[in-house]
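Just below is one structure, and these are the notes that go with it.
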Amino acid sequence: GAGVSQSPSNKVTEKGKDVELRCDPISGHTALYWYRQRLGQGLEFLIYFQGNSAPDKSGLPSDRFSAERTGESVSTLTIQRTQQEDSAVYLCASSLAVAGGTDTQYFGPGTRLTVL
Amino acid sequence: AQTVTQSQPEMSVQEAETVTLSCTYDTSESNYYLFWYKQPPSRQMILVIRQEAYKQQNATENRFSVNFQKAAKSFSLKISDSQLGDTAMYFCAFMKHVRSSTGNQFYFGTGTSLTVIP
């Protein structure tokens with residue numbers, strides 16, 4: 001597609017359930033980023049992929065959070081045993097990851113997760 | 001570590017007036033890139049403007065321009081002739097290149113909520 005897409009756009013789940021969030025980056029973009037944005041807050045970095053590997057997982061808040069990327073394309077962010085504090089918008093972005101040159105992130109519309 | 005600071009959580013401006021959003025950053029890098037993103041209520045993040053640190057000339061995109069002061073590590077966004085559609089959260093971001101194997105790293109400020117008043 002022309003832009004970054006994310007699914008679902010909204011997800012309501014019960015506390016303790018597992019959820020999977022999906023991100024489809026722009027075709028050809030080797031870098032993929034996940035962020036969390038709580039209501040009225042800024043962007044909290046979660047994890048970053050270069051190709052299929054994740055050189056920086058430093059932002060994952062706990063071992064309940066994991067992410068993978070396959071085929072240098074789709075990525076899924078999985079949250080196990082969800083807690084109410086996980087409620088937020090999860091944003092995905094992709095970029096060309098131009099070495100030593102200008103690089104720009106392009107964002108998806110986000111997935112709004114609500115944990116009841 | 002890189003940090004990006006936006007000291008104005010909220011701002012408002014009268015329609016057709018000019019407003020400036022401030023951003024400062026801290027880095028020891030000499031080559032980097034700076035961005036302003038806009039996030040309207042639809043929550044879609046949109047790139048507004050981009051500046052390469054090695055360029056002295058300030059970037060301009062239609063009604064949007066930046067005042068880039070490298071020595072002061074300041075990167076403010078000026079919006080001229082403000083329109084109702086400019087109402088949004090604005091995020092300042094910093095990018096540095098790490099290594100070819102690990103790519104680029106981005107750092108975001110906490111955002112400024114701008115309201116354009118009719």
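Remember, it's a predicted structure, so these values are computed and weren't measured experimentally. So you know, we letter chains A, B, ... as the sequences are listed, proteins then strands, and number each from 1.
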**Asked** Who in residues 108-116 of chain A is close to chain B, using a strict under-4.5 Å heavy-atom cut-off?
**Response** A:Gly108, A:Pro109, A:Gly110, A:Thr111, A:Arg112

**Prompt:** For chain B, which residues from residues 62-73 of chain A lie under 4.5 Å away (heavy-atom distances)?
**Reply:** none

**Item:** Residue-level contacts of residues 76-93 of chain A with chain B, using a heavy-atom cutoff under 4.5 Å
**Value:** A:Val89, A:Leu91

**Message:** If hydrophobic clusters are built by linking Ile, Leu, Val, Met, Phe, Trp and Tyr wherever their side-chain heavy atoms come under 4.5 Å apart, do B:Tyr54 and B:Phe35 end up in the same one?
**Reply:** yes

**Message:** Check for me, please, whether A:Ile47 and A:Tyr106 land in the same ILVMFWY cluster - side-chain distances under 4.5 Å, paths through other members count.
**Reply:** no

**Item:** Joint cluster assignment, B:Tyr32 & B:Ile49, ILVMFWY side-chain distance < 4.5 Å
**Value:** yes

**Prompt:** In terms of heavy-atom proximity below 4.5 Å to chain B, should A:Gln37 be classed as side chain, backbone, both, or neither?
**Reply:** side chain

**Message:** Test side-chain contact (heavy atoms from CB on, under 4.5 Å) on B:Tyr37 and A:Gln105; report intermediate values, then the result.
**Reply:** CA-CA 10 Å; B:Tyr37 282 89; A:Gln105 290 190 328; 3.4 Å; yes

**Asked** Most heavy-atom pairs under 4.5 angstrom with chain A, which of B:Phe106, B:Phe108, B:Phe91?
**Response** B:Phe106

**Prompt:** Is there a chain of hydrophobic side chains (I, L, V, M, F, W, Y, each step under 4.5 Å between heavy atoms) that links B:Phe68 to B:Tyr107?
**Reply:** yes

**Asked** Where does A:Tyr35 contact chain B at under 4.5 Å (heavy atoms): side chain, backbone, both or neither?
**Response** side chain

**Item:** Most chain A-contacting option - heavy-atom pairs closer than 4.5 Å, from B:Met89, B:Arg43, B:Met45, B:Gln39
**Value:** B:Arg43

Listing, residues 72-84 of chain B side-chain donor-acceptor contacts under 3.5 Å, not counting sequence neighbours, or none:
{"residue": "B:Lys73", "atom": "NZ", "partner": "B:Thr27", "partner atom": "O", "Å": "2.7"}
{"residue": "B:Ser82", "atom": "OG", "partner": "B:Glu17", "partner atom": "O", "Å": "2.8"}

**Request:** Calculate, to the nearest 0.5 Å, the distance between atoms CZ and CD1 belonging to A:Phe107 and B:Ile46 respectively.
**Result:** 11.5 Å

**Contact class of B:Gln6 relative to chain A, heavy atoms under 4.5 angstrom** = neither

**Request:** Give the cluster check for A:Trp34 versus A:Ile26: same hydrophobic cluster or not, with ILVMFWY residues linked at side-chain heavy-atom distances below 4.5 Å.
**Result:** no

